[in-house]
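A quick write-up on the structure given underneath.
Each chain gets a letter, A, B and so on, in the order its sequence line appears, and its residues count up from 1. Note that these values count all heavy atoms, side chains included, but never hydrogens, waters or copies made by symmetry.
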Amino acid sequence: MAQQTTLPPAEQPAPAAEARPRPATDVAGLGRGRAAAFVGPAMVLIAVFLVFPALWTLYIGITNYRLTGVQARVPEIVGFDNYADALGDPTFHNALFLTLVFVLFSAVLGQNLLGFALARSLATLRPVLRRVVESLVLLAWIIPGSIVAFLWLALLDRDAGTLNALLQTPGLAWLIDYPLVSIIVFNIWRGTAFSMLLYSAALASVPPSQLETARLVGASRWQTLRDVVFPHIRGHVLTNTLLISLWTFNDFTPFLITAGGPNDRTEILPVYIYNTAISGGQMGYGAAVSLIMLVINLIIALFYIRLLRERR
Amino acid sequence: MTRIARIIAIMTGLALVATGCLGQSDEEPSDTQRGAEATEVTLTIAANAVSGGKNAEEADWIENYVIPTFVEQQQADGVDVTVEFQSSGVDDEDYKSKIALDLRTGSGADIVSLDGIWVGEFAEAGYILPLTEVVGDSVEDWDGWEQIPDAVQANMAFNDERYGVPAGSDGRVLFFNKDLFAQAGLPADWQPASWEEILDAGRALQGISGVTPIQLNAGTAMGEATTMQGVLPLLVGTGQRIYDEDAGTWQGNTQNVRDVLTFYQRVYGEGLGDPTLQQEAQGRDKSFAEFAAGTIGILMEGDYFWRSVIEPTAGVAPMPTRDEVVGYTKLPAMTPGSGLDGQDFVSMSGGGGWVLNPATEFPQQAWELLTFMNSAEATTELVAGGARLTQREDVNDEILADDPMLSFIAEEVVPLSAYRPGLAVYPQISVALQQATLDVVTGMPPDEAAAKYQEAVEAALGGADDIASD
């Protein structure tokens with residue numbers, strides 16, 4: 001950062017004593033005051049709605065604050081106890097493990113591969129047909145979560161579910177017997193639209209001449225994909241994977257279907273936080289776990305950004 | 001120090017200053033007479049009741065009787081009152097979170113319906129205050145108090161102070177389907193004398209295809225329903241309360257808890273119950289629907305089930321043939337005489353009530369509305385649609401005779417009944433009990449589940465000092 005005392009107001013002549021050439025700091029010619037006025041509202045919003053809640057969470061996380069009871073009136077500072085408790089708690093480990101499995105199978109593999117496959121096969125389809133399929137996939141993404149959850153409950157219901165009727169498996173409780181698989185399939189269904197759209201756009205950027213060349217030299221489909229298509233869309237793959245991983249990592253919708261059950265078998269981290277902080281009333285502990293979750297989010301993001309940089 | 005570091009430092013400082021206000025400060029007692037002279041008054045009532053859904057009867061009573069009648073009365077006095085009803089129809093735990101957040105932020109309805117077991121933790125949090133602090137000493141003069149038995153008043157009291165007006169009580173019994181009993185060769189006037197006889201009846205019902213013999217609430221998905229309509233009534237049947245007030249101890253890994261969990265294991269391990277249902281997110285609603293459809297033989301519930309769930313017209317899971325087909329009978333102790341105080345039969349009672357929001361703008365008018373809601377006249381109106389045990393003895397005396405179910409509960413069940421402890425930590429113990437039943441239902445041996453339960457209780461109490469175990 002430059003020393004602010006030497007930043008000249010626009011009308012002042014630059015001091016001759018300044019030896020080093022300095023980059024222009026006021027290209028728009030607004031002056032410090034007006035520039036600040038433009039940036040101010042945004043900074044205030046960020047401060048009020050992002051920085052403050054984050055620090056607040058940090059603070060609550062070192063207290064034994066609860067939703068009700070005497071700790072709601074006079075919370076005590078407990079230091080890093082909440083963090084130690086979380087890191088030593090088998091239910092937290094369970095939640096973290098389930099979240100990673102959930103992200104890996106539903107986002108990194110499921111949505112990514114299905115989205116790509118859809119995008120690639122749709123490209124060769126007749127426009128009318130393509131638009132129909134695209135709309136259907138998009139619909140799953142657009143409908144509000146609570147409605148979607150209701151539809152899936154009806155689909156997977158043990159006694160009167162559509163799936164059991166289709167498969168002729170009456171009485172099979174999908175959400176009890178295969179809870180994690182159910183929410184993974186659900187999330188793939190729900191989120192594939194984004195990957196499909198992104199890959200559709202990315203595939204359009206692959207030069208047709210290169211594809212044609214590959215075809216002429218007799219490259220197989222897989223070779224074309226690996227050596228011609230993939231190098232062009234590598235950046236898109238990483239960006240897409242980063243986004244859907246983070247979204248899935250923080251996704252709360254499975255709660256509407258299983259509420260974390262049965263017996264915590266679908267209690268992914270967002271649900272775990274809800275169950276401990278809101279339902280269980282342990283606000284302090286919940287805040288600590290939220291922060292741990294934020295750190296994991298950052299690690300995931302850094303990992304992908306690293307990969308993205310290596311390409312350049 | 002770079003500029004970014006400086007900005008962060010300032011932000012942190014600001015945040016820390018602001019965070020000083022976490023928790024509730026002990027404010028000066030506010031003026032109980034505020035707004036007393038206002039001629040334009042708005043009051044809101046919140047309850048976990050919704051017309052056409054959960055507790056529909058109560059919602060309709062508020063909307064169609066309480067509000068219009070009260071507004072009319074006030075208009076006669078020259079006060080322009082608007083009363084609004086904030087209805088909900090959700091699981092009790094969700095309703096509790098919502099109310100806690102409302103009260104915490106100084107918003108929410110003026111009159112709020114609360115379950116009796118939440119009073120302790122809400123009072124400790126400072127979300128609700130003794131009625132005398134919200135309204136003034138005039139609450140002592142209300143003539144309704146002498147009509148409400150002390151045991152019922154205790155539902156809405158904490159540390160010997162009244163925090164609200166109770167709204168009746170209830171009792172837990174075994175409901176059974178007489179049609180299924182006839183098919184299984186069991187008597188229509190069934191009265192088991194021990195847990196073993198419940199299991200025997202279950203085994204007889206097992207022969208009928210498509211029927212789940214016993215529904216004994218288990219698991220965390222059912223929430224407090226597991227504790228109150230499952231574990232606790234069984235536990236008093238072994239001769240122990242969950243919290244022994246004289247000794248000041250909670251039940252930990254004791255023989256009594258293990259006996260209860262063993263009963264769960266027998267019900268679900270022998271295929272007499274449906275373990276899957278206990279784990280489903282909508283399990284309790286489903287159990288209601290299945291009972292109403294005649295596919296559950298025996299079910300332990302409160303009289304709420306009779307008057308609000310399988311009620312032939314307005315119930316959540318209406319059962320048109322209720323009066324002919326559904327029998328009810330007292331819950332036996334584990335063995336004759338093994339119950340609390342040597343009783344042969346046991347039950348648990350609870351009940352909620354109404355509290356005043358300390359942040360109300362019109363404490364006097366809110367109290368007036370609250371006493372109106374609990375007047376003999378309004379209470380009689382509430383039970384006109386269907387019998388229930390009210391908080392008022394004068395009203396009970398009048399309506400008892402007309403309803404066999406109600407008088408059964410009032411005369412035979414409530415005298416045997418035990419109450420839950422009004423302590424703030426109770427809900428956490430309750431969750432630990434629910435988890436223990438879930439563990440057993442999903443195959444863990446009762447001994448192991450009880451040991452795990454003990455650990456959870458220790459975590460909730462912060463040590464093993466106040467826990468009984470053997």
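Proximity to chain A (any heavy atom under 4.5 Å) is shown, for B/Q278, by neither the backbone nor the side chain. Only the side chain of B/D274 comes within contact range of chain A, with heavy atoms under 4.5 Å apart. Of the two parts of B/E290, only the side chain, counted from C-beta on, holds a non-hydrogen atom closer than 4.5 Å to a non-hydrogen atom of chain A. Neither the backbone nor the side chain of A/F255 comes within less than 4.5 Å of any heavy atom in chain B. When heavy atoms are compared at a cutoff of 4.5 Å, B/T276 approaches chain A by way of both its backbone and its side chain.
No donor-acceptor distance shorter than 3.5 angstrom exists from the side chain of B/R104 to the backbone of A/L67, with no hydrogens or angles considered.
Closest non-hydrogen pair, B/A123 versus A/R73, comes out as O-NH2, 3.3 Å. For the pair B/A125 and A/A72, the tightest heavy-atom approach, listed with the atom from each and the gap, is CB-CB, 3.6 Å.
When A/T68, A/D159, A/L58, A/D264 are compared by the number of non-hydrogen pairs under 4.5 Å with chain B, A/T68 comes out ahead.
Other residues, nucleotides and ligands contribute more than 12 heavy atoms inside 6.0 Å of the OH atom of A/Y83. Heavy-atom contacts from other residues, nucleotides or ligands closer than 6.0 Å to CZ of A/F252 number more than 12. Summarising the local packing, CZ of A/F105 is surrounded by 12 or fewer heavy atoms from other residues, nucleotides or ligands at distances under 6.0 Å.
Contact check for B/E280 versus A/L175: no side-chain heavy atoms found under the 4.5 Å cut-off. Taking 4.5 Å as the limit, every side-chain heavy atom of A/Q282 sits out of range of all side-chain heavy atoms of B/Q428. Between B/E124 and A/Q71 there is no side-chain heavy-atom pair separated by less than 4.5 Å. The closest side-chain heavy-atom distance from A/I176 to B/L277 is not below 4.5 Å. A 4.5 Å side-chain heavy-atom check between A/D157 and B/Q282 finds every atom pair outside the cut-off.
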